[in-house]
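Below, chains carry the letters A, B, ... as their sequence lines are ordered, and counting in each starts from 1. Remember, it's a predicted structure, so these values are computed and weren't measured experimentally.
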Protein chains: 4
Amino acid sequence: MSSFSEKQKQFKEQAAHEAIYEATLKVVSRQQGDTPKMQDIAETAGIATGTLYNYFKNKVELLTFVDDKLRQTVLKKIKQVTASNLPADEKLRSVTMEIFSFCRAHRIFFDLAEQFDLKARIPRIQKENGLNQARGCFARILSEGIQQQRFRQVETTMTSKHIFSTIVGTIEIQKWLQDYEMSKEADELTDFFLSYLKM
Amino acid sequence: MSSFSEKQKQFKEQAAHEAIYEATLKVVSRQQGDTPKMQDIAETAGIATGTLYNYFKNKVELLTFVDDKLRQTVLKKIKQVTASNLPADEKLRSVTMEIFSFCRAHRIFFDLAEQFDLKARIPRIQKENGLNQARGCFARILSEGIQQQRFRQVETTMTSKHIFSTIVGTIEIQKWLQDYEMSKEADELTDFFLSYLKM
Amino acid sequence: MSSFSEKQKQFKEQAAHEAIYEATLKVVSRQQGDTPKMQDIAETAGIATGTLYNYFKNKVELLTFVDDKLRQTVLKKIKQVTASNLPADEKLRSVTMEIFSFCRAHRIFFDLAEQFDLKARIPRIQKENGLNQARGCFARILSEGIQQQRFRQVETTMTSKHIFSTIVGTIEIQKWLQDYEMSKEADELTDFFLSYLKM
Amino acid sequence: MSSFSEKQKQFKEQAAHEAIYEATLKVVSRQQGDTPKMQDIAETAGIATGTLYNYFKNKVELLTFVDDKLRQTVLKKIKQVTASNLPADEKLRSVTMEIFSFCRAHRIFFDLAEQFDLKARIPRIQKENGLNQARGCFARILSEGIQQQRFRQVETTMTSKHIFSTIVGTIEIQKWLQDYEMSKEADELTDFFLSYLKM
DNA sequence: TATGAATGAGCATTCATTCAT
DNA sequence: AATGAATGAATGCTCATTCAT
């Protein structure tokens with residue numbers, strides 16, 4: 001097959017994936033609570049039900065794709081902030097806020113991910129990889145802060161790990177309380193981190 | 001109705017509730033992954049399907065009852081350790097360990113609780129109540145530690161709140177990684193807390 | 001459980017089986033060609049879809065039950081004629097006719113049986129049993145005919161076996177020709193058998 | 001269109017038909033039980049799915065073509081044996097054996113033919129034609145045998161008809177018993193025919 | 001109160017066929 | 001003629017809940 005039609009095909013596939021991704025998020029957020037029907041996803045994406053199965057073997061695989069893309073998206077955002085040239089303390093606040101607001105925005109989908117046990121579909125190594133990247137961002141911010149003499153000398157690996165866990169736990173508790181106005185919590189938490197890190 | 005038969009009735013109801021509670025946990029842990037069927041719960045509890053509906057309006061209410069009882073159980077354990085006469089640092093370790101091991105033991109049920117969105121069935125006030133009691137235990141341990149001059153003078157309310165969040169987050173991450181050997185994590189986390197609290 | 005309610009239950013089950021049996025035959029003959037839908041069977045039997053599954057694990061098991069009952073019915077008819085006090089040659093004609101007319105009446109169901117490969121569900125021993133009973137009827141008729149000196153002395157076991165095969169093959173060919181007016185063929189075949197058996 | 005390109009086209013079509021025929025048999029025997037998918041047939045034949053529809057209007061027509069070709073094949077084999085210069089009794093045995101082994105080899109396809117009711121697609125006249133040719137072979141063998149004074153003087157038309165039916169019925173019963181080791185049955189049956197025909 | 005048979009809505013997936021390229 | 005992605009109708013089975021006994 002010519003390189004051209006190969007490219008065309010790949011582009012088409014990518015476009016379909018993108019449409020299905022967005023349709024899924026749309027359907028999920030629309031039908032709060034219920035699990036999304038394949039037919040609805042297809043319809044929203046503007047394709048036929050059967051066509052979904054040209055791109056994904058089954059529903060779980062489709063949802064896994066969306067889950068993966070979603071996690072990559074938040075990771076990308078975190079990395080962007082980490083790579084920015086804000087001072088370390090502001091980076092820490094900004095990254096924390098990013099995570100909180102992303103989780104709030106997509107909480108219904110993440111609930112779904114648990115319902116379908118999507119975590120079981122992701123290879124362990126890939127999960128650890130993602131986790132380490134997220135934790136790594138915090139470690140880098142800590143290092144920068146120490147270098148900038150804004151933070152005291154903490155052990156960055158462990159500290160970043162626990163900071164990340166605290167964020168996850170706080171979000172989890174807020175979700176359990178069904179309190180989705182998370183910015184106050186995010187701020188309070190950042191203040192706590194900064195007080196811990198201040199020299 | 002006579003007071004005697006009233007009592008009898010209450011006793012019977014309590015016995016039924018107890019049997020259903022245990023049957024539910026048994027069925028849930030047996031059928032890893034699948035959601036438990038009312039029929040299976042009834043059969044395991046030694047009653048007829050229809051009888052379940054004399055005690056619980058529907059499946060969600062039944063699961064909510066179990067969920068509530070389970071949370072009360074772990075809270076009771078935490079309180080017991082908190083009320084013991086161990087030194088503060090050992091109490092902290094012990095309470096943390098309790099929470100980890102309880103969540104590991106009942107993780108399948110807690111997954112279920114999210115699937116059925118049981119949190120939506122519990123009144124906000126009750127959820128806050130439970131949460132505050134758990135956090136309160138940590139606050140008391142911190143106070144004791146400060147008094148015993150084992151811990152430095154930290155602000156106990158906020159610190160205990162964040163300690164609890166960190167525990168929740170760590171458990172959540174371990175569950176996501178499907179790494180259910182949590183004792184190492186519990187220890188590491190306690191060490192971190194203690195290093196933070198040390199004078 | 002008391003013997004009475006046990007009996008009641010059994011009677012109810014038998015009634016349900018009977019109703020489902022008849023509903024299936026009705027639906028099958030009505031919807032010539034298409035495979036019967038569980039919903040239609042249930043509706044025709046006057047019960048709910050789900051109720052079918054209280055009596056049969058799945059569609060194949062239901063059809064196997066009907067298939068079995070159908071074969072028992074024709075076998076019973078053959079046995080009745082065999083046990084009658086007609087002269088041997090008339091018995092032979094009558095039994096042959098029974099088989100032809102039964103297969104014509106239920107040909108659509110028997111086609112279905114092949115479609116669902118019901119033969120694979122019947123234990124080999126049971127199939128051989130049924131086959132031997134049918135062949136046995138012919139053998140008995142042959143013996144009688146020989147005794148009555150209406151037939152010459154043929155080896156009854158083999159002869160009856162091949163007579164039965166010839167009937168089956170003739171029916172099969174008529175079905176293939178889609179010629180369902182089988183009485184002519186049945187008569188012609190019987191004449192051939194009798195000419196072979198005449199002294 | 002020029003005669004040359006006409007010929008070319010016909011040749012191409014014939015090649016395609018041949019490839020599809022063989023692919024179908026391959027797929028059918030591979031996927032025991034399931035009905036063959038058009039996609040699999042196309043893939044196995046080395047063409048695209050849509051291309052199948054340039055040669056056959058639909059699946060039933062494709063299967064009818066294969067069915068027809070298969071019946072022609074066995075008929076050809078029977079005719080070859082009939083036209084050979086074996087003695088009549090050996091011809092009878094050989095033809096019988098041919099039919100048994102052919103039906104065993106292609107039993108899955110023949111089951112399929114019933115499932116798709118292919119018989120309904122073949123004109124009555126054509127079916128009778130094929131049937132008469134098969135029966136005719138037996139009649140010719142009988143005639144020869146009588147002439148060779150190996151067989152007694154039987155009425156060849158009816159006898160050949162019933163012999164053929166007996167073969168069909170025996171194969172049908174063996175298939176129902178799922179006993180595909182048919183050579184013993186074929187032998188036993190031929191012995192019976194010969195004993196009937198012996199002078 | 002207890003029983004447990006009956007109810008029936010709900011949904012992922014397949015695959016023959018089409019048609020734009 | 002060839003391609004193969006897109007189409008979309010069609011259906012068996014589950015299981016929470018009810019209700020006659």
Pairs under 3.5 angstrom only: tabulate donor-acceptor contacts from the side chains of residues 63-73 of chain C to other protein residues two or more places apart or in another chain.
{"from": "C:Thr64", "atom 1": "OG1", "to": "C:Val60", "atom 2": "O", "distance (Å)": "2.7"}
{"from": "C:Asp67", "atom 1": "OD1", "to": "C:Arg71", "atom 2": "NH2", "distance (Å)": "3.3"}
{"from": "C:Asp67", "atom 1": "OD2", "to": "C:Arg71", "atom 2": "NE", "distance (Å)": "3.0"}
{"from": "C:Asp68", "atom 1": "OD1", "to": "C:Gln126", "atom 2": "NE2", "distance (Å)": "3.2"}
{"from": "C:Asp68", "atom 1": "OD2", "to": "C:Gln72", "atom 2": "NE2", "distance (Å)": "3.1"}
{"from": "C:Lys69", "atom 1": "NZ", "to": "C:Glu18", "atom 2": "OE1", "distance (Å)": "2.7"}
{"from": "C:Thr73", "atom 1": "OG1", "to": "C:Lys69", "atom 2": "O", "distance (Å)": "2.7"}

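If you measure from atom NE2 of D:His17 to atom C1' of F:dA1, you get 13 Å, rounded to the nearest angstrom. Across the protein-nucleic acid pair, A:Glu43 atom CD and F:dT7 atom C1' stand 14 Å apart, rounded to whole Å. The CZ-C1' distance, from A:Phe11 to F:dA5, rounds to 17 Å in whole Å. Distance CG (C:Leu52) to P (E:dA5): 15 Å, rounded to an integer number of Å. As a whole-Å value, the separation of D:Phe56 CZ from F:dA1 P is 13 Å.
B:Glu43 is linked by a salt bridge (charged side-chain N to carboxylate O under 4.0 Å, His left out) to nothing, counting only residues two or more places apart in sequence or in another chain. Remark: D:Ala15 engages no residue in a side chain to side chain contact (heavy atoms under 4.5 Å, CB included) (not counting sequence neighbours). With sequence neighbours excluded, no residue forms a salt bridge (charged side-chain N to carboxylate O under 4.0 Å, His left out) with B:Arg30. Applying the side chain to side chain contact (heavy atoms under 4.5 Å, CB included) rule to B:Ala16 yields the partners B:Tyr55; only residues at least two apart in sequence or on another chain are considered. The side-chain hydrogen bond (donor to acceptor under 3.5 Å, both in side chains) search around B:Thr35 returns B:Lys59, not counting sequence neighbours.
Nearest to the side chain of B:Tyr55, among F:dT7, F:dA2, E:dA2, sits E:dA2. Here the nucleotide nearest the side chain of B:Lys12, chosen from F:dT7, E:dA2, E:dA5, is E:dA2.
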B/S/- along nucleotides 11-19 of chain F (protein heavy atoms under 4.0 Å) is SSBBSSBB-
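Salt bridge present: A:Arg121 and A:Glu61 bring a charged side-chain N and a carboxylate O closer than 4.0 Å.
Sorted by first and then second residue, the ring pair (Phe, Tyr, Trp, His ring centres under 6.0 Å) pairs involving residues 20-51 of chain B (not counting sequence neighbours) form an empty list.
Stem analysis of DNA chain E (Watson-Crick or G-U pairs, both distances under 3.5 Å, runs of at least three) returns E:2-21 with F:2-21.
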